[in-house]
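Computed from a predicted structure; not experimentally measured. Letters A, B, ... mirror the listed sequences (proteins, then strands); counts begin at 1.
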Amino acid sequence: MSRIAPALWTTCAALALALPAHAMEPQDILDRVCTTCHAPRADGSLPRIDDGRRTPEGWDMTLVRMMRNHGVRMTGEERATMVRHLADTRGLSVAETEGWRYILEQEPVAVDEAPNQDMAEMCARCHSFARVAVQRRTREDWAHMIHFHLGQFPTLEYQALARDRDWWGIAMGDVLDFLAENYGYGERVASLAADLSGAWTVAGRMPGRGDYAGTMHVMAEGTDYEVHLDLGFADGSHAHFDGRGLVYGAGEWRATLSDGETEIRQVMALGADGALSGRWFDAESDVIGARMLAAREDGTPRILGVSPGHLRLGEAAEITLTGVGLSGAPVLPEGVSAELVSESATQVVLRVTAAAEAAVGPVTLGLGDLAAPLVLYDRLDRIAVVPEVTISRVGGNDGPIAKVPAQFEVVGYLNGPDGAPGTEDDILVGHFPADWSTEDFDEVAAAMEDARFAGVIDGAGRFTPGDAGPNPERPMTTNNAGNLWVVARLEQAGEVLEGRAQLFATVQRFVDPPIR
Amino acid sequence: MRTLTALLAPALLAAAAPAQARDYLIAPTRPDRLVIVDTEAMAVDKVITIDMAAPLPSLPVVSADGRRAFVIVAQNEEIVEIDLESGEEVQRLILGTEQERVKALFGMDLSPDGTTLAVYESPVGLFKNHFEVRPTRLSLYDTATGALKARAEAPRQVTVIAYSKDGSRIYGMGREMHVFDAATGQKVDELPIHGWGKGEYVQPDVLDAWSQFEVAGMVTTPFYTFREDGDPEDPEAYRTGLLTLDLETGEMVMKDAEATDIFYFSTVADPAKQRIFGVYNQLASFDLETRAPIKRVNLPHSYYSVNVSSDGSTVYIGGTLGNIGVYDADTLEKKGQIDLPDGHSMSLASVRLFTRDE
């Protein structure tokens, strides 16, 4: 895809020769490699390199381009230390990434929304808007970046949603103004000085598997951390992962862990409250993963998780509060009684009963000075399937690209005070298990028997797409793409609630950059 | 005897004419070939391999005598002149320099007198650590020496470039039809394309990447629009139109043709200026005057490019893959197919027709 003038390759060949064989330190690479093209200005700053701030993934993408398009040679190790150095010295604060972190976390249930229609059409039709929003640049550097786009992809301005307008004029006008104003260079951010070593209590929910809680042990080792993660799931299963983690810049936590079989990645951010929050996912299949909240055990007392977070009137259930510094007596809302089952600083288990005549809706479950949300309900008014619309991708079949599954969950709702479904006062009760199936989405899908060929959904709401490549069993030996309804059914006192989502079972993604 | 005379007469007439003109097609294929097809024999006449032309020679422009062709090659960064009889490269224009990458993306044409090559160029400055998109421009090169004769900034987003028949104007199809002075390259006028149909239709969408105006002397392209007061649920509200620009008179006409139930990638006008043929997954014919659809047939696969014989009787469809379909202009019945050597595909290249006296 990349079109490089032969002239550049020539420059690069010379450059490659200049590189010694042993691993270089980041500052050496900057001084000796990068400066061959990014020669220092009079004030010593490096053009482009000192004109923008990015996430670690953003820096890695830039470095990859320097290697791929401009012939810079770096070993894997050099590239990694270089990303570290650049992210430490030219990174973003966690606050600057707020609202866009899903793109770093590979969060499958996220809607990428540009600030307005014009920006969406100009800058978010090839990649996410989040890719733009997690960068900070000087006005001049944003201008360079726009020049790079059209310079590198000269047919860009002829594409749909570009040829209908003065693309270049708008890009260098309104778009540049918007970028400079909203994502200007700002201030350099100091990298984190604190040591994250210690025991962290973690809690979260893994779609398809359920709530979990556990402990993450973090031990400083050199410039990184050794990490051990123990998770206990509400369904009684356990998981244990070991590996290494590190903090980039002001608080970008990244770790790679393994349970001996599956490698997982953690992408979390250190918040102002000292907690780490983010997501972990299967390194091979980022759809499979879970959000995670972690707080250091010696930190400020707080509740990280309540499982389950809902209770049916007239029923009793064990509710587990996970947190740090837990102490004090339970403070119960009206119509709710509880017995203490077990108690520690990180976990309190209560046997909670909701009176049949208690009021439905959100209540607060207190523990000493801390509070956790709980929802009381009698019967669900409706269920919904999330994500509402998503994609899966065919893969495997001896091809180089793995299948991309889709994971669905059921959320239950009450209609709220106005008694009408789908309005603002609806009350989200929580996540529920359901029976899962797929159906052809429409007549076209039915004619092609998409539901039969596109893949299968299991009891936990995970859809596994079909094999890549043409399928001789299908009309015109088409591939295993399809357009499906994912249907969830849940029985509630003799009545069946149904929820639906749309799934596009589509083809492989052949280029998969770290920031989509 | 009478029969014999009748049979002989045309032959005698032909012999009396100075020479016999024969139609050839020129089809660029991946990665570096020009395939010349003899349309009478319905067979490949010659395969010319161009040096350093990959990945695809995109646009060929043939001289009036059918003996030379200028071809955009090498990732659209070079133009070669090829002697179509010997297959030799006559000259090569390298558009850019080490400091400036210049691409000729879609638009190039020869002046009717053959002395000037007009090229629409998209330059990008290559600095050590940044790129600089520079104004697009129309460059006029001397065909004999390759020297630049004139150059002027031109609006962006231009695709097809075509000379007026009298050689005084150059047209550039962009968001509007830009009109340039052929001597200086300066823009002198524009005819509305995006500005067309205001009040009745929404801004039309045009992407004309195929130069196939040489037979009729008429540039044509499909465009797509929507009735301004149309209901999005109503299929009839989506409209396919046809644009024609007569290179003889300079008259440009855009007219609604049919509801958009299928797409055409490109169109061509017949030499009598009575019909327009459109191609993609179907081949369709339209009345040029009224734009009324006449006939439509399904094709075995997609074709992006369409051209027509100099007598208007035969339609050739190409581009995309590695064969040229031959269709009757009246019935749209398939008359044959020419498979290009080694199955090499034409991809997005324009398939052009030229005539040579034998």
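The heavy-atom pair separating Asn129(B) from Cys37(A) by the smallest distance is ND2-O, 3.0 Å. Summarising the geometry of Tyr158(A) relative to Gln157(B), their closest heavy-atom pair is CE2-C, 3.3 Å, with the distance given to 0.1 Å.
Here Asp166(A) contributes atom CG and Arg175(B) contributes atom CZ; the two are 4.5 Å apart, rounded to the nearest 0.5 Å.
With hydrogens and angles ignored, the 3.5 Å screen pairs no side-chain donor or acceptor of Arg156(B) with any backbone N or O of Trp167(A). Not one N or O on the side chain of Lys128(B) forms a donor-acceptor pair closer than 3.5 Å with the backbone of Thr35(A).
Open room surrounds CD on Glu388(A); 12 or fewer heavy atoms of other groups in view lie less than 6.0 Å from it. Applying the 6.0 Å contact sphere to CD of Glu25(A) captures no more than 12 heavy atoms from other residues, nucleotides or ligands. No more than 12 heavy atoms of other residues, nucleotides or ligands lie within 6.0 Å of CD in Glu113(A), so this atom counts as exposed by the packing criterion.
Using a 4.5 Å cut-off between heavy atoms, Asp141(A) makes no contact with chain B at all. For Val133(B), the parts lying under 4.5 angstrom from a heavy atom of chain A are both the backbone and the side chain.
Taking a cutoff of 4.0 Å between a charged side-chain nitrogen and a carboxylate oxygen, Arg163(A) and Asp205(B) qualify as a salt bridge.
Of the listed residues (Leu207(B), Thr159(B), Val206(B)), the one with the most heavy-atom contacts under 4.5 Å to chain A is Leu207(B). Most heavy-atom pairs under 4.5 Å with chain B, from the set Ala143(A), Ala162(A), Cys34(A), Gly151(A): that is Gly151(A).
Counting heavy atoms from C-beta outward, Leu105(B) and Pro154(A) have side chains that approach closer than 4.5 Å. A 4.5 Å side-chain heavy-atom check between His130(B) and His147(A) finds every atom pair outside the cut-off.
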